[in-house]
Amino acid sequence: MSDKPVKIPGADHPIGITPNTARVVVTLGGRTLADTQHALTLREATYPPVHYIPREDVDMAQLQRTAHGSYCPYKGEAAYYSVPAGGARAENAAWSYEAPHPAVARIAGHLAFYPDRVDAIEEIA
């Protein structure tokens with residue numbers, strides 16, 4: 001049994017997940033890391049929106065799983081991925097909640113990227 005706290009989103013810490021109607025493209029070093037028309041946008045409390053991209057729309061061959069991990073009481077355990085071609089800047093550039101808490105289960109099978117560890121995360125209408 002885990003001793004890590006599990007919190008449920010609510011009025012004090014809202015989390016919303018909506019389909020993104022735009023095409024979302026993630027690039028680094030002139031390479032496309034992800035290209036999707038099926039992203040989910042997660043809006044959590046006062047944090048900036050985050051685009052979660054289906055794994056099948058990410059070029060996983062360009063990513064390498066790392067030993068880094070983190071825990072969010074609202075979402076669960078996060079696994080991280082680096083982009084070796086991007087050098088030190090792109091270490092742990094992407095994360096995924098592979099078994100997220102039930103309140104955010106929709107982000108399972110998706111990855112998100114840190115905007116400052118890639119060249120661009122573009123929304124194309």
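What you see below is based on every heavy atom in this structure, not just the backbone, and it leaves out hydrogens, waters and symmetry mates. Quick caveat, the model's predicted, so the values are computed rather than measured. The first residue of the sequence shown is numbered 1, and numbering continues consecutively from there.
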> Under the side-chain contact (heavy atoms from CB on, under 4.5 Å) criterion, do H110 and S96 qualify, and how do the steps go?
Replying inline: CA-CA 6 Å; H110 292 66; S96 176; 6.0 Å; no
>> My understanding is that only residues two or more places apart in sequence, or in another chain, count here; which of them pass side chain to side chain contact (heavy atoms under 4.5 Å, CB included) with A34?
In response: V26, I53, V58, F113
>> Using 0.5 Å steps for rounding, measure from the NE2 atom of H101 to the SG atom of C72.
In response: 7.0 Å
>> To check you understand the geometry: which heavy-atom pair defines the closest contact between I121 and P115, and what is its length?
In response: CD1-CA, 3.9 Å
>> Let me check something: do L42 and L111 share a hydrophobic cluster, defined by ILVMFWY side-chain heavy atoms less than 4.5 Å apart, either directly or through other members?
In response: no
>> Would you say that W95 contacts V50 through its side chain, given a criterion of any heavy-atom pair below 4.5 Å between the two side chains?
In response: yes
> Which residues satisfy the side-chain hydrogen bond (donor to acceptor under 3.5 Å, both in side chains) test with T66, sequence neighbours excluded?
Replying inline: N92
> What residues form a side-chain hydrogen bond (donor to acceptor under 3.5 Å, both in side chains) with R106, not counting sequence neighbours?
Replying inline: none
>> Among residues at least two apart in sequence or on other chains, which ones pass side chain to side chain contact (heavy atoms under 4.5 Å, CB included) with R65?
In response: A79, Y81, E98
>> Looking at T32, is its backbone amide N or carbonyl O close enough to the side chain of Q62 to form a donor-acceptor pair, meaning the two atoms are under 3.5 Å apart?
In response: yes
>> Counting C-beta onward and ignoring hydrogens, is there a side-chain heavy-atom pair between E122 and V24 closer than 4.5 Å?
In response: no
>> Holding to side-chain hydrogen bond (donor to acceptor under 3.5 Å, both in side chains), I want the full list of residues that pass it with T41, two or more places apart in sequence or in another chain.
In response: N20, H51
> Listed by chain and number, what are the salt bridge (charged side-chain N to carboxylate O under 4.0 Å, His left out) partners of D119, not counting sequence neighbours?
Replying inline: R89
>> side-chain contact (heavy atoms from CB on, under 4.5 Å), that's the test. Do E91 and H68 meet it? Break it down for me.
In response: CA-CA 10 Å; E91 289 179 14; H68 183 68; over 6 Å; no
> Any salt bridge (Lys or Arg N to Asp or Glu O under 4.0 Å) pairs touching residues 31-43, not counting sequence neighbours?
Replying inline: R23-D35
> Are a donor atom and an acceptor atom from the side chains of S70 and Y80 found within less than 3.5 Å of each other?
Replying inline: yes
> Which heavy-atom pair separates S82 from P84 by the least distance, and what is that distance?
Replying inline: O-CD, 3.4 Å
> With sequence neighbours excluded, what pairs up with H38 under the ring-ring contact (aromatic ring centres under 6.0 Å, His included) test?
Replying inline: none
Enumerate donor-acceptor pairs with a distance under 3.5 Å from any side-chain N or O in residues 5-18 to protein atoms, sequence neighbours excluded.
| unit_1 | atom_1 | unit_2 | atom_2 | d |
| --- | --- | --- | --- | --- |
| H13 | NE2 | E44 | OE2 | 2.7 |

> At what distance, to the nearest 0.5 angstrom, does CG of L28 lie from CG of D59?
Replying inline: 12.0 Å
>> Run the side chain to side chain contact (heavy atoms under 4.5 Å, CB included) test against A108 and tell me which residues pass, sequence neighbours left out.
In response: P100
> With ILVMFWY side chains joined below 4.5 Å, transitively, what does I124's cluster contain besides itself?
Replying inline: V25
>> So, using side-chain hydrogen bond (donor to acceptor under 3.5 Å, both in side chains) as the criterion, who are the partners of Y97 when residues are at least two apart?
In response: none
